[in-house]
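Start at 1 with the first residue, then count along the sequence.
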Amino acid sequence: MQALTVTPGKKDSLRLREMAEPAPEQGPVLVESLAVGLCGTDMEIVGAEYGEAPPGQDFLVLGHENLGRVLEAPRDLGLAEGDLVVGIVRRPDPVPCKACAAGEWDMCRNGRYVEHGIKGLHGFARERWRAEPEAMIKIDAGLADVGVLMEPTTIVAKAWEQIERIGQRAFFNPRVAAVTGAGPVGLLAALLGTQRGLEVHVFDVVTEGPKPALVRDLGATYHTESLADAGLKADVLIECTGLSPVVLEALNYTALDAITCLVGVSSPGKMSEVDIGQLNRRAVLDNSVVFGSVNANRRHYQAAAEALDKADRAWLQRLISRRVPLADFAEGFAHHSDDVKVVLDVHSDPAAGQERQ
Ligand SMILES: [Zn+2]
Ligand SMILES: [Zn+2]
């Protein structure tokens, strides 16, 4: 079968290759990959900044954001042929640590977890994969066209869950939420904010393309000015850009008792001047909380499935700005200014498959 692979540590090694069918010992459920979403993590892996092959192998199948269809499942596992499933990206470490043992592998304490398509486990950009039933989640058949958005939705489902848990430290009645960055993660964070009945403001620099309308169609407000210039005092702020000046602003412009969640990952190495005294003063005198959030466990996949189910299907479809067949993967990785989420269609009809051979 075909798979989209990289040689970790080697730049621009992205290519399609033939690989063996998944071995039965990888699990009793056989899944046909339908689609794989691309994001910044994939770009970093292609750029050899990140990524680790499975032990003893010299290549890594790419693809962590995924949607598949069950081809074979033993009876009594709650899965049947034709079910739509999403593979859970991170798997517990082998020890396992206490967090992983409790099913909270997103909070793994020893760092020995593995992640499909990222760290030590093949990804989903291959025609078929196998896994144990607990390594996937079944989703509603109605989500066939947007189910590939599940994984990025789990990231914000976790962020919101953690915000609400932290909020329980005291009286918590948020009204205004701000999101910095109108990429897929920012837009999905905004969606979950509006689903909670909050007044949501999204900040990004682009004035063209689909993002402003996607924000407005959620009933949220789109801003191209900075947080400071908007004069907005958010009770909840979700930072999705990872850009240092935006992160710094996010630390400075929230309401009293606010909770700031950092989801965007910055690149280290750039120095900037920061008034630590001012930051400390604000943090202490405003009872502010700043925390980071990454990855997701099964509970967040369930919450994400519910959020997608409740969302307007047409709006979700608009998040997927381009779909590219696996054979044309290079086009999928090319930057288009109007891109929101680019998806590789892994499964194509048999006629298209023959064309490739
Ligand atoms: Zn991703
Ligand atoms: Zn662990």
Side-chain angles (χ1 to χ4, degrees), residues 1-19 33-54 57-68 86-87 89 115-127 129 145-153 155 181-188 204-206 208-211 214 240-243 264-267 317-348 352-353 355-356:
M1 64 174 185
Q2 290 216 299
L4 183 62
T5 66
V6 293
T7 306
K10 202 172 147 205
K11 256 191 176 179
D12 303 319
S13 58
L14 186 66
R15 68 178 180 96
L16 276 180
R17 77 166 77 205
E18 278 295 323
M19 72 180 287
S33 261
L34 297 177
V36 162
L38 301 179
C39 76
T41 300
D42 299 298
M43 306 298 162
E44 283 185 10
I45 294 170
V46 172
E49 291 165 49
Y50 209 63
E52 189 185 312
Q57 299 193 34
D58 60 357
F59 69 92
L60 172 72
V61 177
L62 207 64
H64 57 279
E65 302 180 8
N66 74 96
L67 176 69
V86 170
V89 174
E115 291 175 333
H116 284 286
I118 302 173
K119 183 177 180 281
L121 259 190
H122 284 317
F124 303 103
R126 51 181 156 149
E127 291 181 271
W129 50 275
D145 49 351
V146 294
V148 71
L149 297 171
M150 254 292 267
E151 196 275 342
T153 309
I155 302 304
V185 170
L187 288 165
L188 290 165
D204 201 300
V205 291
V206 302
E208 312 269 301
K211 291 174 180 176
L214 279 164
C240 304
T241 71
L243 300 170
V265 183
S266 305
S267 308
Q317 283 168 349
R318 285 161 60 203
L319 285 194
I320 302 173
S321 47
R322 284 196 293 139
R323 305 191 77 108
V324 175
L326 182 63
D328 301 332
F329 64 88
E331 181 50 32
F333 281 83
H335 174 77
H336 289 205
S337 60
D338 281 0
D339 282 341
V340 183
K341 174 60 72 187
V342 178
V343 166
L344 293 178
D345 279 320
V346 180
H347 174 82
S348 43
E355 246 165 59
R356 288 206 302 270

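When all heavy atoms are compared, the tightest approach of S266 to G242 is OG-O, 2.7 Å. Heavy-atom minimum distance, G147 versus V86: O-CG2, 4.0 Å. Minimum heavy-atom separation, K10 to S13: O-OG, 2.9 Å. Residue I118 comes nearest to I45 through the heavy atom pair CA-CD1, 3.9 Å, listed as atom of the first residue, atom of the second, then distance. Nearest approach of G186 to C240, heavy atoms of both residues: CA-SG, 3.8 Å. When all heavy atoms of L319 and V340 are compared, the closest pair comes out as O-CB, 3.3 Å.
Judged as a side-chain hydrogen bond (donor to acceptor under 3.5 Å, both in side chains), and not counting sequence neighbours, E44 has no contacts. With sequence neighbours excluded, no residue satisfies salt bridge (Lys or Arg N to Asp or Glu O under 4.0 Å) with E49. Under the rule for a side-chain hydrogen bond (donor to acceptor under 3.5 Å, both in side chains), E52 has no partner lying at least two apart in sequence or in another chain.
Side-chain atoms of E18 come within 3.5 Å of backbone N or O of M1 as a donor-acceptor pair. Put simply, the side chain of R322 gets close to the backbone of E331: a donor and an acceptor are under 3.5 Å apart. Side-chain atoms of K119 do not come within 3.5 Å of backbone N or O of G51 as any donor-acceptor pair. Side chain of H122 to backbone of V61: a donor-acceptor contact under 3.5 angstrom is found. No donor-acceptor distance shorter than 3.5 angstrom exists from the side chain of T241 to the backbone of G181, with no hydrogens or angles considered. A donor-acceptor contact shorter than 3.5 Å links the side chain of D339 to the backbone of H336.
Two residues are said to be in side-chain contact when any heavy atoms from C-beta on lie closer than 4.5 Å; L67 and M150 fail this criterion. R15 has its side chain within reach of T5: a pair of non-hydrogen atoms, C-beta onward, lies under 4.5 Å apart. By the 4.5 Å heavy-atom criterion applied to side chains, E151 and I155 are counted as neighbours. Side-chain atoms of L326 and V36, non-hydrogen and from C-beta on, never get closer than 4.5 Å to each other. Taking 4.5 Å as the limit, every side-chain heavy atom of P210 sits out of range of all side-chain heavy atoms of R318.
L16 contributes atom CG, which lies 5.0 Å from atom CZ of F329 (distance to the nearest 0.5 angstrom). Distance check, rounded to the nearest 0.5 Å: CG of L34 to CG of D145 gives 11.5 Å. The distance from the CZ atom of R126 to the CG atom of L62 is 11.5 Å, given to the nearest 0.5 Å. One distance of note links OG1 of T153 with CD of E65; it measures 9.0 Å at 0.5 Å rounding. With values rounded to the nearest 0.5 angstrom, L149 atom CG is found 7.5 Å from K341 atom NZ.
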(Q) Walk me through whether N66 and W129 qualify under side chain to side chain contact (heavy atoms under 4.5 Å, CB included). (A) CA-CA 11 Å; N66 74 96; W129 50 275; 4.1 Å; yes
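Checking each of L344, V346, L60 against L4 for a side chain to side chain contact (heavy atoms under 4.5 Å, CB included) leaves exactly one that passes, namely L344.
Counting non-hydrogen atoms of other residues, nucleotides and ligands closer than 6.0 Å to CZ of F59 gives a total above 12.
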